[in-house]
Amino acid sequence: MMLTLYKQEVYKQIHKIGWWIALGFMVLVQITFGIVGKRNPSMFAPSDLVGNSYIGGGLVMLIAIASTASIIAMEFQYGTMKQLLYRQYYRSQVFISKILTALTQLVFLQAVAGLMTVALTLILFPSYHWAQHVGNLTHGLIYLRALGSDLLVGLLLLSLVLLLSTVFKSNAAAIATGLVGYFLAQLASTLMIAMIAWQHWTKFLPFTFLLTNYQIQSADFAKLTLFSTPMMIGGTLLYTVVFTLIAYLSFRKRSV
């Protein structure tokens, strides 16, 4: 039954034209920045372009957030939630299927951005050696570490967006709030560095753990967050679980 729900959710996402347009836009932006970097190496160094997936990394989160924000709100807006519940599905099963679909989308988007990065680098910057060592790691391993750390923080962001999506009945309102919330959260995480230096106890706030990807890539961030890297990873996962549980409780209490 759970597998059936998951397949239905994936089917609905696949048939969203807007989702494919967003994916195509991401790929087009990556290609554009790759060409610009090729023609103007002084403007965009190959290592910087690769590290940011040719700007695709940021777009991955924007697309994932917009899609996740609508994944629950749209069911209430169009009245399809009643149909799901009338078919003897439990709310917990519906909610879990939504989570699995959101995770699938995030991983798929990261994979597309990653494959495009490798392809563009091989075509436009053949002299860029993935096996070349920088310190103890190769360029390839550094990039994989960056993808993994971004995915980890992405889970935290999506859990918060999922929570917000259980509040709104309008699909557009949920998406707008999710995107605005994303930019505010990014701003707050930057301000947290100053806050932690002023009041050490603020390091326990969830915004601190939006810096986990930076600390995984640069251990020196531990001096700013006052947390070890394993603790940052653990805190990120903990808040992800907490926000997801609160989202589920909100989803359970919501009337159809």
Side-chain angles (χ1 to χ4, degrees), residues 10 13-68 102-158 161 175 178-179 182-183 185-187 189-190 210-221 229 233 236:
V10 173
Q13 294 303 314
I14 290 176
H15 286 78
K16 285 183 178 179
I17 297 177
W19 192 88
W20 290 106
I21 292 175
L23 179 63
F25 176 75
M26 181 187 77
V27 171
L28 181 61
V29 168
Q30 288 184 285
I31 294 173
T32 300
F33 272 88
I35 294 174
V36 172
K38 176 69 173 179
R39 294 181 176 179
N40 301 279
S42 60
M43 184 181 299
F44 298 109
S47 58
D48 293 333
L49 288 171
V50 171
N52 290 290
S53 296
Y54 292 84
I55 317 301
L59 292 177
V60 163
M61 282 313 307
L62 290 176
I63 297 171
I65 285 172
S67 181
T68 301
L103 292 177
T104 301
Q105 289 184 93
L106 179 60
V107 173
F108 177 76
L109 288 168
Q110 286 279 27
V112 171
L115 290 174
M116 281 298 301
T117 298
V118 173
L120 287 171
T121 304
L122 291 175
I123 295 171
L124 299 175
F125 305 103
S127 61
Y128 186 86
H129 298 296
W130 291 95
Q132 181 179 344
H133 277 78
V134 179
N136 297 324
L137 298 176
T138 62
H139 281 301
L141 290 177
I142 290 174
Y143 181 64
L144 288 176
R145 182 180 64 180
L147 286 182
S149 61
D150 288 343
L151 184 62
L152 178 62
V153 174
L155 295 178
L156 175 58
L157 284 168
L158 291 189
V161 171
I175 294 175
L179 293 176
Y182 167 69
F183 288 113
Q186 292 297 313
L187 177 61
S189 66
T190 303
L210 294 175
L211 298 169
T212 299
N213 54 340
Y214 296 109
Q215 185 158 326
I216 290 176
Q217 297 173 56
S218 177
D220 290 338
F221 255 84
T229 301
I233 294 174
T236 303

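Ile17 pairs by the side-chain contact (heavy atoms from CB on, under 4.5 Å) definition with Ile21, not counting sequence neighbours. Looking at residues two or more places apart in sequence or on another chain, you find a side-chain contact (heavy atoms from CB on, under 4.5 Å) between Ile216 and Arg145, Ser149, Leu152, Thr212, Thr229, Ile233. Legend: residues meeting ring-ring contact (aromatic ring centres under 6.0 Å, His included) with Tyr214, ordered by chain and number and at least two apart, are Phe221. Under the side chain to side chain donor-acceptor pair (under 3.5 Å) criterion, Asn52 pairs with no residue at all, not counting sequence neighbours.
Rounding to the nearest 0.5 Å gives a distance of 10.5 Å between CE of Met26 and CD1 of Ile31. In this structure, CG in Leu147 is found 11.5 Å from CG in Asn213, a value given to the nearest 0.5 Å. Taken from OG1 in Thr68 to CD in Gln13, the straight-line distance is 8.0 Å, to the nearest 0.5 Å. Put simply, CD on Gln30 and CD1 on Ile35 are 12.0 Å apart, with the number rounded to the nearest 0.5 Å. Note that CG of Leu120 is 8.5 Å distant from CZ of Phe125, once rounded to the nearest 0.5 Å.
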Determine, step by step, whether Asp150 and Gln217 satisfy the side-chain contact (heavy atoms from CB on, under 4.5 Å) criterion, reporting the C-alpha distance in whole Å, the side-chain angles of both residues, the deciding distance to 0.1 Å, and the verdict.
-> CA-CA 10 Å; Asp150 288 343; Gln217 297 173 56; 4.1 Å; yes
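Applying the 6.0 Å contact sphere to CZ of Phe25 captures no more than 12 heavy atoms from other residues, nucleotides or ligands.
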Donor-acceptor pairs under 3.5 angstrom involving side-chain atoms of residues 37-48: please list them, not counting sequence neighbours.
from  : atom 1 : to     : atom 2 : distance (Å)
Lys38 : NZ     : Leu124 : O      : 2.8
Asn40 : ND2    : Val36  : O      : 3.4

Taking only distance into account, with no hydrogens and no angle test, what donor-acceptor pairs under 3.5 Å do side-chain atoms of residues 102-118 form with protein atoms, sequence neighbours excluded?
from   : atom 1 : to     : atom 2 : distance (Å)
Thr104 : OG1    : Tyr6   : OH     : 2.7
Thr104 : OG1    : Leu100 : O      : 2.7
Gln105 : OE1    : Trp19  : NE1    : 2.8
Gln105 : OE1    : Ser67  : OG     : 2.5
Gln105 : NE2    : Ser67  : OG     : 3.0
Thr117 : OG1    : Ala113 : O      : 2.7
Thr117 : OG1    : Tyr143 : OH     : 3.1

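With hydrogens and angles disregarded, no donor-acceptor distance shorter than 3.5 Å links the side chain of Trp130 to the backbone of Thr138.
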